[in-house]
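Here is the structure we will look at.
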Protein chains: 2
Amino acid sequence: MTPSDDALGERITEAEHAVMEVLWDRPRQTAADVCEEVCTARGWSLATVKTLLSRLVQKGALAAEPDGRRFLYTPTIAREAYVGGESRRLVDRLFGGSAASLVAHLAETEALTEDDLAEIEALLKELRP
Amino acid sequence: MTPSDDALGERITEAEHAVMEVLWDRPRQTAADVCEEVCTARGWSLATVKTLLSRLVQKGALAAEPDGRRFLYTPTIAREAYVGGESRRLVDRLFGGSAASLVAHLAETEALTEDDLAEIEALLKELRP
DNA sequence: TCGCTATGACTACAGGTGTAATCACAAACC
DNA sequence: GGTTTGTGATTACACCTGTAGTCATAGCGA
């Protein structure tokens with residue numbers, strides 16, 4: 001039953017993801033707005049952002065709501081769903097589907113700071129009273 | 001100081017990763033050996049495996065040790081390192097670098113079974129006596 | 001010795017990706 | 001009304017990826 005299949009057939013690429021983040025953070029922005037937030041950071045031109053927006057609309061990841069002669073772009077998929085899908089993909093690919101293995105790995109390779117560990121511990125207490 | 005740059009300049013792709021797994025599992029195999037293990041599973045021809053092996057050697061992810069007229073391929077990077085790099089990339093990209101956020105997400109989306117949680121709890125006890 | 005065969009090297013090629021220029025055109029301004 | 005300007009659409013193009021075919025050639029078997 002292939003769990004957690006994200007609704008889009010097409011995958012979102014790295015560059016596209018950067019655009020998605022901007023729109024998850026604040027939906028209904030124009031191409032120029034999005035550019036304002038990522039162009040300098042990633043060294044992109046407005047044209048690049050426009051291309052990425054178009055592709056994301058084609059892929060069904062964004063909705064383009066007409067607003068005069070331009071569009072306001074809004075994600076059609078929740079960030080939660082995307083993040084969940086990507087996480088699952090990683091866990092499946094690298095940890096044989098076991099999320100616990102991932103956590104174990106992070107712990108063993110010191111990827112978890114003391115604060116992380118404390119936070120996780122608190123989480124666990126909450127989840128298993 | 002661009003943190004956690006894995007030793008290879010080039011990224012390993014999905015298809016290449018499948019080949020790497022075979023060689024991590026058992027190093028020093030020939031192209032034919034590797035094909036034996038993945039070709040049917042992925043519907044590949046031997047030629048495809050050869051291409052992937054070549055690209056991985058070029059990328060510095062594999063070493064090719066001459067053995068008569070053929071090569072024995074062996075990973076130059078440890079699976080641990082690769083897995084660590086990929087995990088970190090995901091955490092950086094999707095969870096703002098916070099591994100705890102990833103764990104929280106997995107927990108919240110029910111990606112963690114009761115067994116997973118128990119396992120993690122045990123891990124934590126070990127890590128923070 | 002001489003052809004067969006296994007093997008890496010090289011070539012191919014369509015589709016995806018990153019990055020952008022150009023075009024058409026409607027709105028805004030003068 | 002004519003010009004500038006902001007905008008999406010279209011086109012471009014090099015590189016990466018998946019997938020594989022062809023070629024040269026060094027051994028192996030007869």
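All values below were derived from every heavy atom in this structure, side-chain atoms included, with hydrogens, water molecules and symmetry-related copies excluded. Throughout, a chain's letter reflects where its sequence line sits, starting with A, and its residues are numbered from 1.
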Answer yes or no: does a side-chain N or O of [X] lie under 4.0 Å from OP1 or OP2 of [N]?
X	N	result
T13(B)	dC16(D)	no
R70(A)	dT7(D)	yes
K59(A)	dT17(C)	yes

Classify [X] by what it touches in the nucleic acid, base, sugar-phosphate, or nothing, heavy-atom distance under 4.0 Å.
X	answer
T30(A)	nothing
A31(B)	sugar-phosphate
T48(A)	base

[atom1] of [X] versus [atom2] of [N]: gap in Å, rounded?
X	N	atom1	atom2	value
L72(B)	dA6(C)	CG	C1'	14 Å
Q58(A)	dA9(D)	CD	P	9 Å
E36(B)	dA6(C)	CD	C1'	14 Å
L46(A)	dT22(C)	CG	P	15 Å
L53(A)	dT17(C)	CG	P	16 Å
E10(B)	dT17(D)	CD	P	8 Å
L52(B)	dT19(D)	CG	C1'	8 Å
D33(A)	dG8(D)	CG	P	10 Å

Got a salt bridge between E10(A) and R55(A), using NZ or NE/NH1/NH2 to carboxylate O under 4.0 Å? no
I'd like to know whether [atom1] of [X] has more than 12 heavy-atom contacts from other residues, nucleotides or ligands below 6.0 angstrom.
X	atom1	answer
E65(B)	CD	yes
R79(A)	CZ	yes
R28(A)	CZ	no

Tell me which of R42(A) and R69(A) sits closer to the 5' end of DNA chain C, going by the nucleotide each one is nearest to. R42(A)
Closest-nucleotide mapping onto DNA chain C: is Y73(B) or R55(A) further toward the 5' terminus? I mean the 5' end. Y73(B)
Please state whether the base of dA20(C) and the side chain of T51(A) form at least one donor-acceptor pair under 3.5 Å? yes
From the set dG21(D), dG18(C), dA20(C), return the single nucleotide nearest to any side-chain atom of A47(B). dG21(D)
Compare the minimum distances between each of dT7(C), dA9(D), dG21(D) and the side chain of S54(A), then state the nucleotide with the smallest one. dA9(D)
If only atom types and distance count, is the side chain of D25(A) paired as donor or acceptor with the main-chain N or O of V22(A) below 3.5 Å? no
